[in-house]
Structure formats: C-alpha cells, structure tokens
Peer 1: 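Dropping the structure in here first, questions after.
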Amino acid sequence: QVQLVESGGGLVQPGGSLRLSCVTSVSIISIYAMGWYRQAPGKQRELVATISSGGSSNYADSVKGRFTISRDSSENTVYLQMSSLKPEDTAVYYCNAYRMLGRSTYSYWGQGTQVTVSS
C-alpha cells in the first residue's frame, strides 16, 4: 500500500511563500504522475499542479507563474513551491499519485495539509 504524507502548510501573510512537501512510502514518483490539489471550505477539490512521470508539469491558470511543482526521486518527495500567496489560495492541499496500467487505475491521496493566507 502506498502512503503519501504532506507537510509544510501553515499560516502566511499575503505575498508570502511556503513550500509543501509530499513524501511517498515507496519509490513511485518516477513512474506515477504526481499532483497537488486543494479544497477550500464549501468548494470542490481542484487541481493545482501536476508533474508527469516524464517530468512535464502542468498548472492551473490561477497559480501559473506563482507556484512550481518539482520532485526529488532520490528522496521520494514531491514539492510545491508557492510564492506571492493570496487569500484565495487558502485551502487544504492534498498530494496525489496516479497511474494507469492497462485497464487498471491506481490513485493514492495524502491526508492533506492546511494553508492559510491571511494578514
């Protein structure tokens, strides 16, 4: 069973920065697509950023130019560097690992880490 553990959330002022980390229990980040999602109160979970097994990244329009997703296979860790944070970035951020193999789909989620942007 794959486990994902997020960390790095917290309270930050508007314009500030945070770096989230997602550590996987097994070495999968080079063969799974890894992603960060977020869910604000009363809203649906939404995609923030993904990085494919080949290293290609994709971002939601709302975070382009401010957030950067990266990975360190040697550390089994995926990062989300968040800069120029806005109050609307406040949410629980979740890490996801996803892979399709034949007709099977594998998807794992972390427990989430709270990010609050407020003065």
Peer 1: If only atom types and distance count, is the side chain of Gln3 paired as donor or acceptor with the main-chain N or O of Ser25 below 3.5 Å?
Peer 2: no

Peer 1: How many angstroms lie between atom CG of Asn96 and atom CG of Leu4, to the nearest 0.5 angstrom?
Peer 2: 7.5 Å

Peer 1: Would you call Thr24 and Met34 a side-chain contact if the rule is heavy atoms closer than 4.5 Å?
Peer 2: yes

Peer 1: Between Phe67 and Leu85, is any pair of side-chain heavy atoms under 4.5 Å apart?
Peer 2: yes

Peer 1: Cluster question for you: counting only ILVMFWY and a side-chain heavy-atom cut-off of under 4.5 Å, with indirect links fine, are Val26 and Leu101 together?
Peer 2: yes

Peer 1: Distance from Ile69 atom CD1 to Tyr79 atom OH, nearest 0.5 Å?
Peer 2: 12.5 Å

Peer 1: Cluster question for you: counting only ILVMFWY and a side-chain heavy-atom cut-off of under 4.5 Å, with indirect links fine, are Tyr106 and Val2 together?
Peer 2: yes

Peer 1: Is there a chain of hydrophobic side chains (I, L, V, M, F, W, Y, each step under 4.5 Å between heavy atoms) that links Val115 to Leu47?
Peer 2: no

Peer 1: Ignoring hydrogens, what is the shortest heavy-atom contact between Thr105 and Tyr98? Give both atom names and the distance.
Peer 2: CG2-CE1, 3.3 Å

Peer 1: Side chains of Ser27 and Ser73: closer than 4.5 Å at any heavy-atom pair?
Peer 2: no

Peer 1: Could you check whether any side-chain heavy atom of Arg38 comes within less than 4.5 Å of a side-chain heavy atom of Leu80, counting everything from C-beta outward?
Peer 2: no

Peer 1: What's the spacing between Leu11 CG and Thr116 OG1 if we round to 0.5 Å?
Peer 2: 6.0 Å

Peer 1: Going from OH on Tyr59 to OG1 on Thr50, what distance comes out if it is rounded to the nearest 0.5 angstrom?
Peer 2: 8.5 Å

Peer 1: Taking all atoms of both residues into account, what is the closest heavy-atom pair of Ala91 and Ala40, and its distance?
Peer 2: CB-N, 3.8 Å

Peer 1: Quick check: do Ser53 and Tyr32 have side-chain heavy atoms less than 4.5 Å from each other?
Peer 2: no

Peer 1: With rounding to the nearest 0.5 Å, note down the distance linking CG in Asp72 to OG in Ser30.
Peer 2: 11.5 Å

Peer 1: Val92, Val12: one ILVMFWY side-chain cluster at the under-4.5 Å cut-off?
Peer 2: no

Peer 1: Heavy-atom distance under 4.5 Å between the side chains of Trp109 and Arg45, does that happen here?
Peer 2: yes

Peer 1: Roughly how far, to the nearest 0.5 Å, is OG of Ser52 from CZ of Arg99?
Peer 2: 13.0 Å

Peer 1: Counting only heavy atoms from other residues, nucleotides and ligands, does the tally under 6.0 Å from CD of Gln44 exceed 12?
Peer 2: no

Peer 1: Can you name the nearest heavy-atom pair linking Gln81 to Ser17, along with the distance?
Peer 2: NE2-CB, 4.1 Å

Peer 1: Can you tell which of Val117, Asp89, Leu18 makes a side chain to side chain contact (heavy atoms under 4.5 Å, CB included) with Met82?
Peer 2: Leu18

Peer 1: Under a 4.5 Å side-chain heavy-atom rule over Ile, Leu, Val, Met, Phe, Trp and Tyr, are Val78 and Ile31 clustered together?
Peer 2: yes

Peer 1: Would you check if Glu6 and Tyr93 make a side-chain contact, meaning some heavy-atom pair closer than 4.5 Å?
Peer 2: no

Peer 1: Which atom names give the shortest non-hydrogen contact between Gly110 and Tyr94, and what distance separates them?
Peer 2: O-CD2, 3.7 Å

